[in-house]
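Can you keep this structure in mind? I'll have questions shortly.
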Amino acid sequence: MRKMLEIRWHGRGGQGAKTASLLLADAAFTGGMFVQGFPEYGPERMGAPITAYNRIAKERIRVHSNIYEPDFVVVVDETLLQSVDVTKGLKATGAIIINSSKHPEELKQHLKGYMGRVYSCDARKISEETLGKNFPNSPMLGALVKVSEVMEKDEFMTAIKESFKEKFSHKPEVLNGNIKAVERSMNEVRCNEE
C-alpha cells in the first residue's frame, strides 16, 4: 500500500455507501492502520446522492478535509454516472469501481474521458443471490478491497467478519449472506484491461 490511500464513495441514501466506508475504516483499523471514514451530508433523504470518504494510512493522518483527488472511487449506483461527475479529481494512477452488470469498457463512455482503470462489479446480482435483497454496499466493499489492495484478503476477511458480527448482532440471519457477498465480489470484479 502507498503511504496513504484516499477513497471517495458515491451512492444514494439508503444504499449503504456511508456504512461501507465506515466498515472499511473499522477493518483497516483492526488491521493496525490509521483511518478516517466520514460522509458528506447534503439533503438527507432516501434516494438522494450522497458522498462518503476514507483515508487509510500506515502513519498518523494529519489531514482533516474532504477528499478532492482520490486514489479510488466507488460508485454504488450506476445511475449516478448520468448526474454526478464521479471522476472529478480521480487520479489516473487509481481506479473507479462501478456497480454494474456491464463490462467496464461499456461504462467508459460515461466517465468524461477518464484514462485510468475502470472496474465493474454486479453488486445487485451478488446481493440478491446472497442476501435476498438489493444491498450493494457489501459487494462493493469487497470489490474495492480487491482492486485497491488496501489489505491482504485473509486479513480483511478476518476483520470484516468481526465488524459484521458486531453490526448484525441483532440480525444474525444476514451475517453469512454479507460475508458471502464480500467474498463473491472479490472474485467477480472485472477490469477494462481484461
Side-chain angles (χ1 to χ4, degrees), residues 7-24 26-27 37 39 46-52 54 70 72-84 86-87 90 94-111 114 116-154 156-161 163-165 167-168 171-194:
I7 301 158
R8 187 173 66 218
W9 297 77
H10 292 279
R12 293 189 182 278
Q15 292 179 323
K18 174 184 142 187
T19 299
S21 75
L22 296 177
L23 284 167
L24 176 61
D26 189 44
M46 189 70 79
I50 68 104
T51 309
N54 286 109
F72 296 93
V73 167
V74 181
V75 181
V76 181
D77 188 317
E78 180 181 359
T79 65
L80 291 172
L81 299 179
Q82 310 301 323
S83 58
V84 176
V86 295
T87 59
L90 178 57
I96 185 168
I97 308 140
I98 303 164
N99 173 11
S100 178
S101 61
K102 297 176 185 162
H103 190 277
E105 205 57 48
E106 293 177 69
L107 298 167
K108 285 186 84 169
Q109 65 183 317
H110 303 290
L111 301 179
Y114 178 66
R117 293 174 295 151
V118 179
Y119 291 82
S120 67
C121 179
D122 195 346
R124 178 184 190 109
K125 177 183 174 190
I126 292 169
S127 66
E128 287 176 349
E129 291 177 0
T130 57
L131 294 162
K133 292 184 179 180
N134 182 19
F135 293 118
N137 60 337
S138 289
M140 293 306 289
L141 175 58
L144 170 68
V145 170
K146 171 74 174 194
V147 170
S148 68
E149 299 177 341
V150 66
M151 296 176 75
E152 293 293 325
K153 181 179 179 180
D154 291 341
F156 171 71
M157 290 308 300
T158 299
I160 202 65
K161 285 175 186 176
S163 293
F164 282 160
K165 282 179 188 173
K167 178 168 178 45
F168 300 120
K171 296 180 182 179
E173 67 278 6
V174 298
L175 176 66
N176 289 334
N178 275 282
I179 292 168
K180 287 178 185 172
V182 167
E183 288 177 326
R184 267 191 61 184
S185 66
M186 294 177 103
N187 295 323
E188 295 180 21
V189 65
R190 300 179 293 172
C191 183
N192 65 310
E193 297 171 350
E194 295 173 349

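For the single chain, residues carry numbers from 1 onward in sequence order. Small disclaimer: the values here were computed from a predicted structure and weren't measured.
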Spacing of CG belonging to Asn178 relative to NZ belonging to Lys161, to within rounding of 0.5 Å: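 Between atom CG of Asn178 and atom NZ of Lys161 there are 13.0 Å.
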
Set of residues satisfying ring pair (Phe, Tyr, Trp, His ring centres under 6.0 Å) with respect to Phe164, sequence neighbours excluded: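 Phe168.
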
Derivation and outcome, side chain to side chain contact (heavy atoms under 4.5 Å, CB included), residues Val150 and Asn54: CA-CA 11 Å; Val150 66; Asn54 286 109; over 6 Å; no

Where Ala52 and Lys18 come nearest, the two heavy atoms and their spacing: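 Minimum heavy-atom contact is CB-CA, 4.0 Å.
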
Neighbour count above 12 (heavy atom, 6.0 Å) for Glu105 CD: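 Enclosed: over 12 neighbouring heavy atoms sit under 6.0 Å from CD of Glu105.
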
Salt-bridge contact Lys102-Glu78 (side-chain N to carboxylate O under 4.0 Å):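 Salt bridge between Lys102 and Glu78, a charged N being under 4.0 Å from a carboxylate O: yes.
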
Tyr114: which of Val86, Val73, Leu90 passes side-chain contact (heavy atoms from CB on, under 4.5 Å):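 So the option named by the test is Leu90.
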
Considering all heavy atoms, the nearest Val182-Ser138 contact: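 Here Val182 and Ser138 meet closest at CG2-O, 3.4 Å.
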
Residue Lys108 excluded, over 12 heavy atoms near NZ under 6.0 Å: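 For Lys108, atom NZ is crowded (more than 12 foreign heavy atoms under 6.0 Å).
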
Nearest heavy-atom neighbours spanning Gln109 and Glu106: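 So the two residues come closest at NE2-O, 3.2 Å.
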
Atom pair CG/CG of Leu144 and Asn137 - distance to nearest 0.5 Å: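 The CG atom of Leu144 sits 12.5 Å away from the CG atom of Asn137.
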
Exercise: identify the closest heavy-atom pair between Cys121 and Val189: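 That would be CB-CG2, 4.2 Å.
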
Main-chain N/O of Pro104 paired to Asn192 side chain as donor or acceptor, under 3.5 Å: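 Absent.
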
Passing candidate, side-chain contact (heavy atoms from CB on, under 4.5 Å) with Trp9, options Ile97, Leu141, Ile50: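 Going through the options one by one, the only one that passes is Leu141.
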
Taking every non-hydrogen atom, the tightest pair across Ala143 and Ser185: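 Reported closest heavy-atom pair: N-OG, 3.4 Å.
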
Atom pair CG (Leu107) and CZ (Arg190), whose distance is rounded to the nearest 0.5 Å: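 Rounded to the nearest 0.5 Å, the CG-CZ separation comes out at 8.5 Å.
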
Approximate separation, where rounding is to 0.5 Å, of Leu80 CG and Gln15 CD: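 The CD atom of Gln15 is 7.0 Å from CG of Leu80, to the nearest 0.5 Å.
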
Audit row: Val84, Thr51, side chain to side chain contact (heavy atoms under 4.5 Å, CB included) steps and yes/no: CA-CA 10 Å; Val84 176; Thr51 309; over 6 Å; no

Ser127 side chain vs Lys133 backbone, donor-acceptor pair below 3.5 Å: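 Between the backbone of Lys133 and the side chain of Ser127 there is a qualifying donor-acceptor contact (under 3.5 Å).
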
Audit row: Phe156, Glu149, side chain to side chain contact (heavy atoms under 4.5 Å, CB included) steps and yes/no: CA-CA 10 Å; Phe156 171 71; Glu149 299 177 341; over 6 Å; no

Approximate separation, where rounding is to 0.5 Å, of Ile98 CD1 and Asp77 CG: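 It is 11.5 Å, given to the nearest 0.5 Å.
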
Nearest-0.5 Å distance, CE of residue Met140 to OH of residue Tyr119: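 Reported value, rounded in 0.5 Å steps: 12.5 Å.
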
Pair Asp26, Ser163: side-chain N/O donor-acceptor within cut-off below 3.5 Å: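 A pair is found: one side chain offers a donor N or O, the other an acceptor, under 3.5 Å apart.
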
Test item: Val75 and Asn99 side chains (from C-beta on) under 4.5 Å apart, heavy atoms: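 No, side chains not in contact.
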
Backbone of Ala123 reached by a side-chain donor or acceptor of Arg184 within 3.5 Å: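 No, because the side chain of Arg184 does not come within donor-acceptor range (under 3.5 Å) of the backbone of Ala123.
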
Set of salt bridge (Lys or Arg N to Asp or Glu O under 4.0 Å) partners for Glu128, sequence neighbours left out: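 In terms of salt bridge (Lys or Arg N to Asp or Glu O under 4.0 Å), with neighbours along the sequence ignored, Glu128 is linked to Arg124.
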
Derivation and outcome, side chain to side chain contact (heavy atoms under 4.5 Å, CB included), residues His110 and Gln82: CA-CA 7 Å; His110 303 290; Gln82 310 301 323; 3.5 Å; yes

Exercise: identify the closest heavy-atom pair between Val145 and Met186: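 Heavy atoms of Val145 and Met186 come nearest at CG1-CE, 3.7 Å.
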
